[in-house]
Amino acid sequence: MAEEQHQKPAPEVAASSTVVEEVVEVIPPEKPITENEPAPAPAPEPEPEAPEKSITFEELVEGEKATSIEAEEKTKPSEEVVNIAQSDSFKEESYVVGELPDLQKKALDELKQLVQDALNKHEFTAPPPPPPKEEEKKEEKKEEKEKSPVATAAEEESKTEEVKEESKTEEVKEEASKSEEVAEAKKEEEEEKELIALVTPKVEQEASPSITIEAKEEEKVTPPPPTEEVVAAVVEKETSIVDEDGAKAVEEIKETIVEVSAPPPPPPTTETEELKEEVTPPPAPEEVSIWGIPLLQDERSDVILLKFLRARDYKVKDAFTMIKNTVRWRKEFEIDALLEQDHGNDWDKVAFTYGYDKKGHPVCYNAFSEFQKKDLYQNTFSTDEKRQKFLKWRIQFLEKSIRKLDFSPTGISSIVQVNDFKNSFGIGKRELWQATKLAVQLLQDNYPEFLAKQVFINVPWWYLAYNRMISPFLTQRTKSKFVFAGPSKSAETLFKYIAPEQVPVQYGGLKREDEQEFTTEDPVIEYTIKPSSKETIEFPYTETGLLVWEVRVVGWDVSYGAEFVPDEEGGYTVIVQKSRKIAPTDETVISNSFKVGGPGKVVLTFDNQTSKKKKLLYRSKTKPSSD
């Protein structure tokens with residue numbers, strides 16, 4: 001199994017090898033050689049590789065496989081699960097959590113955590129927020145820029161020009177202010193010089209100039225009280241700068257004091273407000289149900305989550321997105337209200353549920369041949385309003401069928417669908433297939449993993465050829481659910497999955513609406529009549545009573561007769577049904593009864609003179625005589 005999983009198909013290997021070759025050929029030299037530059041020195045010849053490093057192409061391919069497999073195991077563990085499920089012997093997967101592989105359990109736990117977080121945040125019922133107008137404008141501008149690179153270049157140039165103009169105006173203003181400051185500084189310097197010239201003789205007599213300067217500096221640097229330490233430090237720094245710049249001292253000192261001033265204290269919060277903030281509890285998680293099952297309430301929810309996981313190959317985020325989209329769609333489509341609506345009974349024969357398959361799945365039949373009736377076709381597809389009404393009826397029919405399923409882990413939570421293509425293809429059916437396509441898309445997006453089997457019967461030969469062409473491109477999981485049969489093999493194909501007593505009479509079975517003698521509890525025996533042969537079926541009888549039986553040969557074209565042969569010697573044979581040939585268009589099911597007066601047997605004779613084998617269906621039972 002491990003080798004099968006790790007093995008890749010040959011075409012992928014070939015593709016990877018060609019990519020390697022192209023990369024080697026396309027890589028240019030690091031620096032082109034020009035005419036003016038000297039030619040580079042010849043590279044030293046590479047040393048011969050050791051024999052250990054020389055590998056063949058097959059070994060290279062195997063190495064690529066191993067590395068790719070290691071990367072997949074590290075990055076995509078969920079895909080490994082899907083590959084395991086896609087085997088030739090694919091069977092319907094279990095919904096019992098204890099029977100799941102570890103990777104599937106992990107994916108389920110992760111999905112449940114995402115759903116719980118979404119329920120806590122009310123993400124399912126909250127409408128998606130509309131994008132703000134400013135963001136829309138930004139996005140439009142981005143799109144315009146991406147579409148027209150010339151316009152973006154022009155905008156950038158205009159912006160740079162504006163910036164340059166602003167910078168120029170600022171420079172002019174700064175130069176003007178500096179010139180004014182320089183002129184004021186010169187005036188102050190001249191005044192100081194005059195003062196110094198007047199004061200210098202007195203200072204020489206009293207003390208040396210160095211001492212007086214130090215004293216003045218000490219006076220200036222005298223620190224203020226400790227409550228204003230920050231302001232004093234700033235003032236000191238600014239005054240040291242002012243000595244160089246001139247008369248700018250007072251202005252800068254004021255500015256720094258304003259900037260350093262402490263911000264106003266925040267308004268005091270009362271105790272009641274603090275208590276309110278602490279006491280306010282978080283909102284309770286919202287309750288969301290799908291098909292009448294609340295999410296994360298019991299084990300039935302695990303079955304629903306597993307359906308979404310399997311529909312998205314166990315990719316948790318994709319499955320979670322699908323769940324959110326499904327919940328949103330059900331709300332927009334008003335599914336709960338739709339269940340209570342009455343759309344009439346015009347389409348009761350178009351889609352109906354009838355019986356069960358051999359595994360217990362309900363069987364739904366889609367009879368497209370009913371649209372051969374012109375009145376029904378016009379009443380269904382002639383206008384958009386009528387097509388929408390038919391779509392709502394089809395969704396309502398599916399919802400009611402799903403509500404009857406058992407979503408317990410060991411229950412039946414999927415259906416078998418039989419699609420009858422008899423007389424459904426033809427000119428003038430475009431509206432039918434458009435509506436069918438829309439319905440199929442809705443089912444794929446919002447009803448995951450509800451089909452255990454899809455059986456297509458009475459399929460035209462060209463559709464069978466088309467299916468053979470696309471079959472290699474389908475996964476084994478998909479192919480295992482799809483079955484196609486032409487008109488001559490439709491009944492026999494149905495009998496592989498559905499017992500004949502459960503198949504409606506119009507599709508080759510024995511189940512009739514007006515059945516009186518037999519029920520689905522009475523089993524049917526299948527028998528094959530060989531070509532050009534005569535076969536007999538005997539019902540022995542030992543007591544008096546009423547023997548009842550019914551028979552059917554699929555496609556008939558066979559002669560049938562019945563007689564009673566008593567066990568007593570010398571008794572007379574009683575003809576119950578005179579032998580006659582039954583055409584395909586004649587009776588489908590023949591029912592007979594015979595009141596037995598003594599021991600004997602009823603013999604049924606079937607004479608097949610055709611070159612094809614025939615499928616015979618029959619069953620019988622005895623009833624007490626009314627006399």
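Hydrogens, waters and symmetry mates are skipped; everything else that's a heavy atom, side chains included, is used.
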Does any N or O in the side chain of S301 come within less than 3.5 Å of the main-chain N or O of L296, such that one atom is a donor and the other an acceptor?
yes
Kindly say whether I457 contributes a backbone atom to a donor-acceptor pair with the side chain of S490 at under 3.5 angstrom?
no
Taking only residues two or more places apart in sequence or in another chain, which ones pass salt bridge (Lys or Arg N to Asp or Glu O under 4.0 Å) with K389?
none
Do the non-hydrogen side-chain atoms of Y314 and L103 ever get within less than 4.5 Å of each other?
no
Considering all heavy atoms of both residues, which atom of N325 and which atom of N446 are nearest to each other, and what is their separation?
O-OD1, 4.2 Å
Test applied, salt bridge (charged side-chain N to carboxylate O under 4.0 Å, His left out); reference residue, E449; option that passes from R312, R310, K481, K307
K481
Test side chain to side chain contact (heavy atoms under 4.5 Å, CB included) on Y354 and Y507; report intermediate values, then the result.
CA-CA 12 Å; Y354 212 62; Y507 295 117; over 6 Å; no
Quick one: side chains of residues 336-344, donor-acceptor pairs under 3.5 Å with protein atoms, not counting sequence neighbours, listed by atom name and distance.
{"residue": "Q341", "atom": "OE1", "partner": "H343", "partner atom": "NE2", "Å": "3.1"}
{"residue": "D342", "atom": "OD1", "partner": "G344", "partner atom": "N", "Å": "3.1"}

ring-ring contact (aromatic ring centres under 6.0 Å, His included) partners of F495, counting only residues at least two apart
none
Are side-chain heavy atoms of I323 and L111 found at a separation under 4.5 Å?
yes
What heavy-atom pair brings P487 and V459 nearest, and what distance separates the two atoms?
CD-O, 3.6 Å
Step-by-step side chain to side chain contact (heavy atoms under 4.5 Å, CB included) determination, R552 to V505
CA-CA 10 Å; R552 178 177 188 174; V505 66; 3.4 Å; yes
Taking atom types as modelled, is there a side-chain donor on Q454 or N419 under 3.5 Å from an acceptor on the other?
yes
Y356: ring-ring contact (aromatic ring centres under 6.0 Å, His included) partners, not counting sequence neighbours:
none
Holding to salt bridge (Lys or Arg N to Asp or Glu O under 4.0 Å), I want the full list of residues that pass it with D302, two or more places apart in sequence or in another chain.
K112
What verdict does the side chain to side chain contact (heavy atoms under 4.5 Å, CB included) test give for D420 and F368, after you've listed the backbone C-alpha separation in whole Å, the side-chain angles of each residue and the deciding distance to 0.1 Å?
CA-CA 6 Å; D420 182 13; F368 296 100; 5.7 Å; no
Do I415 and T353 have side chains that approach each other closer than 4.5 Å (heavy atoms only, starting at C-beta)?
no
According to the salt bridge (Lys or Arg N to Asp or Glu O under 4.0 Å) rule, which pairs have a member within residues 491-511, sequence neighbours left out?
none
So, does E286 use its side chain to make a donor-acceptor pair with the main chain of F124 at under 3.5 Å?
yes
Name each donor-acceptor pair under 3.5 Å that joins a side chain in residues 436-443 to protein atoms two or more places apart or in another chain, with its distance.
{"residue": "T436", "atom": "OG1", "partner": "L432", "partner atom": "O", "Å": "2.8"}
{"residue": "Q441", "atom": "NE2", "partner": "D445", "partner atom": "OD1", "Å": "3.2"}
{"residue": "Q441", "atom": "NE2", "partner": "D445", "partner atom": "OD2", "Å": "3.1"}

Looking only at side chains, do D109 and Q113 share a donor and an acceptor under 3.5 Å apart?
no
K317: what forms a side chain to side chain contact (heavy atoms under 4.5 Å, CB included) with it, not counting sequence neighbours?
none
Option from F390, W347, W433 for which ring-ring contact (aromatic ring centres under 6.0 Å, His included) with F381 holds:
F390
Please identify each residue that fulfils ring-ring contact (aromatic ring centres under 6.0 Å, His included) with F482, with sequence neighbours left out.
F456
Under the rule for salt bridge (Lys or Arg N to Asp or Glu O under 4.0 Å), what residues qualify as partners of D522, not counting sequence neighbours?
K621
Please lay out, stage by stage, how Y447 and I402 fare under the test side chain to side chain contact (heavy atoms under 4.5 Å, CB included).
CA-CA 10 Å; Y447 296 89; I402 290 175; 3.5 Å; yes
Within-4.5 Å side-chain heavy-atom neighbours: R300 and P294
yes
Between E399 and K392, is the closest basic N to carboxylate O distance under 4.0 Å?
no
Specify the closest pair of heavy atoms between R619 and T519, including all atoms of both residues, with the distance to one decimal.
NH1-O, 3.1 Å
Quick one: does V288's side chain get under 4.5 Å of V115's, heavy atoms only?
no
Applying ring-ring contact (aromatic ring centres under 6.0 Å, His included), can you list everything that pairs with F397, at least two apart in sequence or on another chain?
W393
Donor on one side chain, acceptor on other, Q388 and D384, under 3.5 Å
no
Give a yes or no on this: more than 12 heavy atoms of other residues, nucleotides or ligands lie within 6.0 Å of atom CD of Q297.
yes
Is it true that E123 and K324 have a side-chain N and a carboxylate O under 4.0 angstrom from each other?
yes
If every non-hydrogen atom of G509 is compared with every non-hydrogen atom of V589, which pair is closest and at what distance?
O-CG2, 4.2 Å
Is a salt bridge present between K315 and D313, judged by a nitrogen-to-oxygen distance below 4.0 Å?
no
What is the minimum heavy-atom distance between K615 and T528, and which atoms define it?
NZ-OG1, 3.9 Å
Is there a side-chain contact between H122 and P283 (heavy atoms, below 4.5 Å)?
yes
All heavy atoms of V363 vs all of D357, minimum pair found to be CG2-N, 3.6 Å
Any residue meeting salt bridge (Lys or Arg N to Asp or Glu O under 4.0 Å) with K453, in chain and number order, not counting sequence neighbours:
none
Can you find a pair of side-chain heavy atoms, one from L405 and one from W291, that are under 4.5 Å apart?
no
